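Since the structure comes first, as structure tokens, the remarks are kept for the end.
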Amino acid sequence: MVRAGGEAAAVVRDLLRETGGCALIDGGLATELEANGADLNDPLWSAKCLISSPHLIRKVHLDYLEAGANIIITASYQATIQGFESKGFTTEQSEDLLRKSVQIACEARKIFNENQINKLKSHPVLVAASIGSYGAYLADGSEYSGDYGENITLQTLKDFHRKRVQILAESGADLLAFETIPNKLEAQAYAEILEECEIKIPAWFSFNSKDGINVVSGDSLRNCAGIAEECNRVVAVGINCTPPRFIHDLILSIKKVTEKPILIYPNSGERYDPDKKEWVASTGVSDGDFVSYVNIWRQAGAQLIGGCCRTTPNTIRAISRCLNK
């Protein structure tokens, strides 16, 4: 594969140096938007707010920055050109909405940084442009199974994601966050897009698991993480939207195939019901219980830690206190 050089890796490496070896990712966006009054009962999910209420996205980004986050993830997880076009937007308008997701996050960072200057404080912040899986676009819960059917090929996925990746990579974000990757095929598609399109900014790959061993499709996590290891444009690899109780063993599994920084941002432990489109309180944990894992994850090798669905600014604030003890 083509090697991108050390400049891309320096983005995360420099952040980790500034934060003392462990940086803080933000928490759940969609559930926090709902807590602020947004109605996300829509195939676009959180991306709906790019159209209807961008001010709420900016507010949630700021809430996470105030809680201590060093990385804020844009509201583009379920934002796709195809999804916007299905709502009647033109291709140009759809592409502009993707760029808008990064613009809002950058605006929040600017506001936060100006406030920090007034407080004579230093707090490094990166903007990560979120890229959700093909299953997220389908909005049928298949990002939690990785089962796209036999008709979805590597080329299908590359064709689906390519333009979106290119637009977000040129939008002013510091890195690309490929999130909730449910299978090996999609990871391979992402890696090939990054290389073939010569994407200039770094990326992270984050998988999800429901058994603490494999990714949700049943594909080997080590094999999936190995794809990230082989792609020089990927500068960190890890796990998101996975119950906290599985994270420790997953970190150890990833460490066996890569020396790249490991990132983890679990959900609250609750289960998502794709039929009812709601979270079911099953094995969810409190903020206190969630934070009790943090030092274990840190000792196991995680260097970027945050939260995913159903975690809040209070969760991130508690993690920040834990890391800064």
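Values in this document were obtained by computation on a predicted structure and should not be read as measured data.
Side-chain contact check for N240 and S206: at least one donor-acceptor pair (N or O, by modelled atom type) lies under 3.5 Å. Side-chain atoms of S130 and E179 include a donor-acceptor pair closer than 3.5 Å. S46 and Q78 share no side-chain donor-acceptor pair at under 3.5 Å. Side-chain contact of T242 with N208: a donor-acceptor pair under 3.5 Å is absent, judged by distance alone. Using modelled atom types, one finds no donor on one side chain facing an acceptor on the other under 3.5 Å when comparing N295 with R298. Judged purely by distance below 3.5 Å, without hydrogens or angles, the side chains of T156 and T153 pair a donor atom with an acceptor atom.
Remark: side-chain polar atoms of K48 are not paired, donor with acceptor, to backbone N or O of D42 under 3.5 angstrom. The backbone N or O of A228 sits less than 3.5 Å from a side-chain atom of K260, completing a donor-acceptor pair. Looking only at distances, no side-chain donor or acceptor of S133 sits under 3.5 Å from a matching main-chain atom of I181. Within the 3.5 Å criterion, the main-chain N or O of T90 finds a donor-acceptor partner in the side chain of Q93. A donor-acceptor distance shorter than 3.5 angstrom exists from the side chain of S220 to the backbone of N223, with no hydrogens or angles considered.
Looking at N267 and C241, their side chains come closer than 4.5 Å, going by heavy atoms from C-beta outward. Counting heavy atoms from C-beta on, the side chains of F207 and L250 never come closer than 4.5 Å.
Once rounded to the nearest 0.5 Å, the distance linking CZ of F89 with CD1 of I81 reads 13.5 Å. The line from CG of N324 to CD1 of I319 is 11.5 Å long, rounded to the nearest 0.5 Å. In this structure, I111 CD1 and C106 SG are separated by 11.5 Å, a value rounded to the nearest 0.5 Å. The distance from the CD atom of E170 to the CD1 atom of I199 is 7.0 Å, given to the nearest 0.5 Å. Residue C231 holds its SG atom at 10.5 Å from CD1 of I193, rounded to the nearest 0.5 Å. Rounded to the nearest 0.5 angstrom, L221 CG and D211 CG are separated by 9.5 Å.
In the hydrophobic clustering, I296 connects to no other residue, as no ILVMFWY side-chain heavy atoms lie under 4.5 Å from its own.
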- Full working for side chain to side chain donor-acceptor pair (under 3.5 Å) between D147 and S142: CA-CA 6 Å; D147 182 6; S142 57; over 6 Å; no
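The residues D96 and K100 are annotated as not salt-bridged, no charged nitrogen and carboxylate oxygen being separated by less than 4.0 angstrom.
Within a 6.0 Å radius of NZ in K163, no more than 12 heavy atoms belonging to other residues, nucleotides or ligands are found.
Taking hydrophobic clusters as Ile, Leu, Val, Met, Phe, Trp and Tyr residues chained together by side-chain heavy-atom distances below 4.5 Å, V237 does not share a cluster with L185.
Aromatic ring centroids of Y265 and W297 lie 6.0 Å or more apart. Taking the six-membered ring wherever Trp is involved, the centroid distance between the rings of Y190 and H161 falls below 6.0 Å.
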